[in-house]
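Quick notes on the structure that follows.
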Amino acid sequence: MDGGASSDSRISPKGKEEESNRTVLAILVGPPGSGKSTFCEAVISASRRPWVRVCQDTIGNGKTGTKAQCLKGAVDALNEGKSVFIDRCNLEREQRADFLKFCGSRTDMHAIVLDLPAKVCISRCVNRTGHEGNVQGGRAAVIVNKMLQNKEAPNLNEGFSRITFCQNDSDVKEAIKMYSELGPADKLSPGEFGKKSKKESGQQSIMKFFKKSAREENSQKEKEGGSSSGNGAGNEFPTLAFPSISTADFQFDLDKASDIIVESAQDFLKRVDNVRLALVDLSDKSRIISLVREKVMKKGIDSNRFITFVGDITMLYSKGGLRCTAIANAANWRLKPGGGGVNAAIFKAAGEALDIATKERAETLNPGSSVAVPLPSTSPLYQREGVTHVIHVLGPNMNPQRPNYLQNDYTKGCKILRDAYSSLFESFASVACLERNKKPKLAELKDKTSGESKNKENREEVKSRNQNQTTTTTTTTSGESKNKENREEVKSRNWGSWALALYNTAMDPEKYKDGLLEIADDFIVLNDLYPKARKHVLVLSRLNGLDCLEDAKREHLPILKSMHSAGVKWVKKFLSEDPSPHFRLGYHSVPSMRQLHLHVISQDFDSPSLKNKKHWNSFNTAFFRDSVDVIDEIEEHGSAKLSGEKLLEMELRCHRCKSAHPNIPKLKSHIAKCRASYPPHLLQNSRLLSATNNDLNIS
DNA sequence: GTTCTAGAAC
DNA sequence: GTTCTAGAAC
């Protein structure tokens, strides 16, 4: 920081009489979660000067307050000779203007800008509301980000005599100290303090993060003896390739659309560093591409960070040498493959895996929103193109032949299209953040620069790397054919001694019988030693050699079925004691403990043993394979689908409402309260068992 | 699978 | 300073 906020500041009053009665009206400027109320409270409790906090959230006595009420509150306090904090977001100039009318001989106008990283504000919002209301998880992010999009930093020419900018907690602390020490007769020196040098941004931590990653990558490159920098620098950035949304089938006006693309992109790139956007179109005669190019040029957007690209969005790397972290899909609202255009092409190129992964994420999509779907490493798009995520996005429809036609209402249409792009870019930012967190895999590829003649060796490299991955992590997709070659290698597993506890129990149950709930001929039921929910038991196969789900084949169907019905029996027993919980029965794709075991687990996940991301994701991503599906798949294909351990690294999402949470404690406090209905996928095929579940009465 | 702990993030 | 994560050892 350039030391600003600290640079004090107090000027002792010149002529005591005239100056000592001066009041201060300080307008706090910052999004939800930036700490405005905390700021006010800290100053008020420590200050010798009489302050009044005028807060729009509380002024309405339970109802949402209005700006008018705030204005009146401020006038009253100032008339009583008190100084005032205006505690509302005040991010836009217009919002602040009315308060500045008080600027007069007796009142000094101050702005205090809490320009903290958006990420920090979002996580505080999540924490604060925790549960109900709309400001939680992903929504908090959307709301805060949206507000920040329109923010206008206060300027002295609005009528402020002093503006204090705070970019981090220590700036805030100093500002609090400064205002706290402001006695009734003191005056703070006028001017701007603590303003950031160049770009202003609420995304500091994300920017820092990307900068750091880029540095690391560069230094690694140097170590490898690679070329230093040059014009290709942009090639290192995580890149989002996206088609123009709504302008093909949905017939959105091209001129308007190109404005929105350029403005949204510029906005995004301003806030997030070291990422790149690429607008892609199939044809070099594309009108949208030329319009966008023109506007990008006019606006002077960095050509390393925003590019237009002519080519097939499903073959950007293999055919065009353009490496993209994520590609956007102009999806339909049902998120179904097919149809035509980009949607059909992407689903086709990504294979069945994308369809499955999409279904796990969402059933439908609203216009103006997006959903990021991680691509399984088996998808051709991942292997061949290095794409880790497909982000489905749905724009407005201006085509009368298609559903949800907007009847030429471009006010609505433009808004939805803007929302669509901003949602798309936000999704990409979190994807890029996630990918960066992992050890760079594809980034290891030493490609020189762009060049259309992307050499074959590189592609071979990608391929072999991914093959290696499949052998070590036992990731598979569709059925038996896939992993035949790998099987021998995978077969010899190294189980640590700690991983044999279940195996030993299964082989010699009598020895451990005190701790067991049930011993049958082919299975054992026992409480999980470290339950991850209030009810969590294991149905353990007794068959030697059946180590894990990967080993389960058609010949094991009888035992799988008998384990399943044992599980259901125990669920019934638990429900007869307490009918409230829901249960799932399933296997981990890659278990830590040897000997096939079926988890029977209540969906409260209320347990001190549930401590980390891996715990959560092992029960709440596709890593957890429902017993019913496993049986179906083995009956049909001879083996069950397995998911890779990559899923265990995914961001934390509520298993009911699917909101995202920054860490385990916050997730846990959320799920303790979330009563949203379960995702539709779980409500089918008896994947979720409860007291009201009819299937329980029959089987 | 857990525990322990360094150090990152807050 | 405290909270949280993630990697190593078992």
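On a predicted model such as this, the values are computed, not experimentally measured, just so you know. To find a chain, count down the sequence lines: A is the first, B the second, and so on, and within it residues start at 1.
Across residues 618-627 of chain A, not one residue has a non-hydrogen atom less than 4.0 Å from an atom of DNA chain B.
At least one test fails for A:Arg53 against the ring of A:Phe85: distance under 6.0 Å to the centre or angle within 45° of the axis.
Rounded to a whole Å, the CG atom of A:Asn663 is 18 Å from the P atom of C:dT2. Between A:Leu652 atom CG and C:dA6 atom C1' the separation is 13 Å, expressed in whole Å. The NZ atom of A:Lys613 sits 19 Å away from the C1' atom of B:dG1 (whole-angstrom rounding). A straight line from CD of A:Glu645 to C1' of C:dA6 spans 15 Å, rounded to a whole angstrom. Between the C1' atom of C:dA9 and the CH2 atom of A:Trp498 lies a distance of 11 Å, rounded to the nearest Å. The CH2 atom of A:Trp495 sits 21 Å away from the P atom of C:dA9 (whole-angstrom rounding). Rounding to whole angstrom units, CG of residue A:Leu648 and C1' of C:dA6 are separated by 13 Å. Rounded to whole Å, the distance from CG on A:Asn617 to P on C:dA6 is 11 Å.
Using a cutoff of 4.0 Å between basic side-chain nitrogens and carboxylate oxygens, A:Lys613 and A:Glu645 are not scored as salt-bridged. Contact check on A:Glu174 versus A:Lys177 returns no salt bridge, with no Lys/Arg side-chain nitrogen under 4.0 Å from an Asp/Glu carboxylate oxygen.
Atom NZ of A:Lys569 has more than 12 neighbouring heavy atoms from other residues, nucleotides or ligands inside a 6.0 Å radius.
Aromatic ring centres of A:Tyr587 and A:His599: separated by at least 6.0 Å. Here A:Phe619 and A:His588 bring their ring centres to under 6.0 angstrom of each other.
Nearest heavy atoms, A:Ser180 versus A:Ala42: OG-O, 4.1 Å.
The aromatic rings of A:Trp570 and A:Phe574 lie tilted to each other, with the angle between the two planes from 30° to 60°.
Within 4.0 Å of A:Ile664, counting heavy atoms only, lie sugar-phosphate atoms of the nucleic acid but no base atom.
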Please enumerate all protein N or O atoms sitting under 3.5 Å from an N or O of nucleotides 3-5 of chain B, with distances to 0.1 Å.
from, atom 1, to, atom 2, distance (Å)
B:dT3, OP2, A:Lys611, NZ, 3.0

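The side chain of A:Lys173 places no N or O atom within less than 4.0 Å of a non-bridging phosphate oxygen (OP1 or OP2) of C:dG1. Note on A:His588: a side-chain N or O is less than 4.0 Å away from OP1 or OP2 of B:dG1.
With no hydrogens or angles considered, a side-chain donor-acceptor pair links A:Tyr503 and A:Asn544 at under 3.5 Å.
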